[in-house]
Amino acid sequence: QVYLSESGGGSVQAGGSLRLSCVRSGSRHTNFYIGWFRQAAGKEREGVAVIATDDTTKYADSVKGRFTLSRDNAKNTVYLQMNNLNPNDTGVYYCAANRSPQDGYRPPLKSDYFGYWGQGTQVTVSS
């Protein structure tokens, strides 16, 4: 079993920054790609970004240039640095993971490609 635990959410004003963390545990395997999704109230969950096993990344157009993924393998942790936040970034942010079929594989930012999910952390951006 794989467990994911998010932290770092909170409330900020527009233009502010937050850093989310996702800690993975429960599996001895290390070849996971890790993604972030978010869901605003009344809206569908949307993919935000994913980091592959070779640390290459992919971002949704809505966050390119503002959000940055990084990974600390020693801590089994992935970070999502979010800068220049705006109210449209408000929502519950979920960390998700799946075993990677090959090194460097970056899946589509769709929920179906991720088998393990965290409980989510709330991000609220006020104008």
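What's counted below: heavy atoms across the whole structure, side chains too, no hydrogens, waters or symmetry copies. Since the model is a prediction, treat every value here as computed from it, not as a measurement.
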### Task
Indicate yes or no: at least one non-hydrogen side-chain atom of R106 is less than 4.5 angstrom from one of T56.
yes
### Task
Determine the minimum heavy-atom distance between G120 and V92, stating which atoms define it.
CA-CG1, 3.8 Å
### Message
If hydrophobic residues (ILVMFWY) are linked whenever their side-chain heavy atoms come closer than 4.5 Å, directly or via other members, who joins Y79 in its cluster?
### Response
none
### Task
For D54 and D103, indicate whether the former's side chain and the latter's backbone hold a donor-acceptor pair under 3.5 Å.
no
### Message
Would you say OH of Y105 has more than 12 non-hydrogen atoms from neighbouring residues, nucleotides or ligands within 6.0 angstrom?
### Response
yes
### Task
Please name the pair of heavy atoms, one in V2 and one in S27, separated by the smallest distance, quoted to 0.1 Å.
CG2-CB, 3.8 Å
### Task
Ignoring hydrogens and angles, tell me if any N or O in the side chain of K110 forms a donor-acceptor pair with the backbone of G47 under 3.5 Å.
no
### Query
Do side-chain atoms of R99 reach the backbone of Y33 as a donor and acceptor pair under 3.5 angstrom?
no
### Task
Locate the shortest heavy-atom distance separating Y116 from F32; write the atom from each residue and the value.
CE1-CE2, 4.2 Å
### Task
Grab the two heavy atoms, one from W36 and one from C22, that are nearest each other, plus how far apart they are.
CZ2-CB, 3.5 Å
### Query
Have N31 and S100 got a donor and an acceptor in their side chains that come within less than 3.5 Å?
no
### Query
Minimum heavy-atom separation for R45 to S111, with atom names?
CD-OG, 4.0 Å
### Query
Under the side chain to side chain contact (heavy atoms under 4.5 Å, CB included) test, which residues partner D89, sequence neighbours left out?
R38, R66, F67, L85, N86, Y93, V125
### Message
Is any side-chain heavy atom of E6 closer than 4.5 Å to one of L4?
### Response
no
### Query
Under 6.0 Å from the CD atom of Q119, do we count more than 12 heavy atoms belonging to anything else shown?
no
### Message
Checking the side chain of Y59 only, and the main-chain atoms of L69 only, is there a donor and an acceptor separated by less than 3.5 Å?
### Response
yes
### Task
Please check if V78 and L18 belong to a single hydrophobic cluster, counting links between Ile, Leu, Val, Met, Phe, Trp and Tyr side chain heavy atoms closer than 4.5 Å.
yes
### Query
For A60, does its backbone N or O pair with a side-chain atom of S62 as donor and acceptor, under 3.5 Å?
no
Please tabulate, one pair per line, all N/O donor-acceptor pairs under 3.5 Å involving side-chain atoms of residues 7-16, not counting sequence neighbours.
none

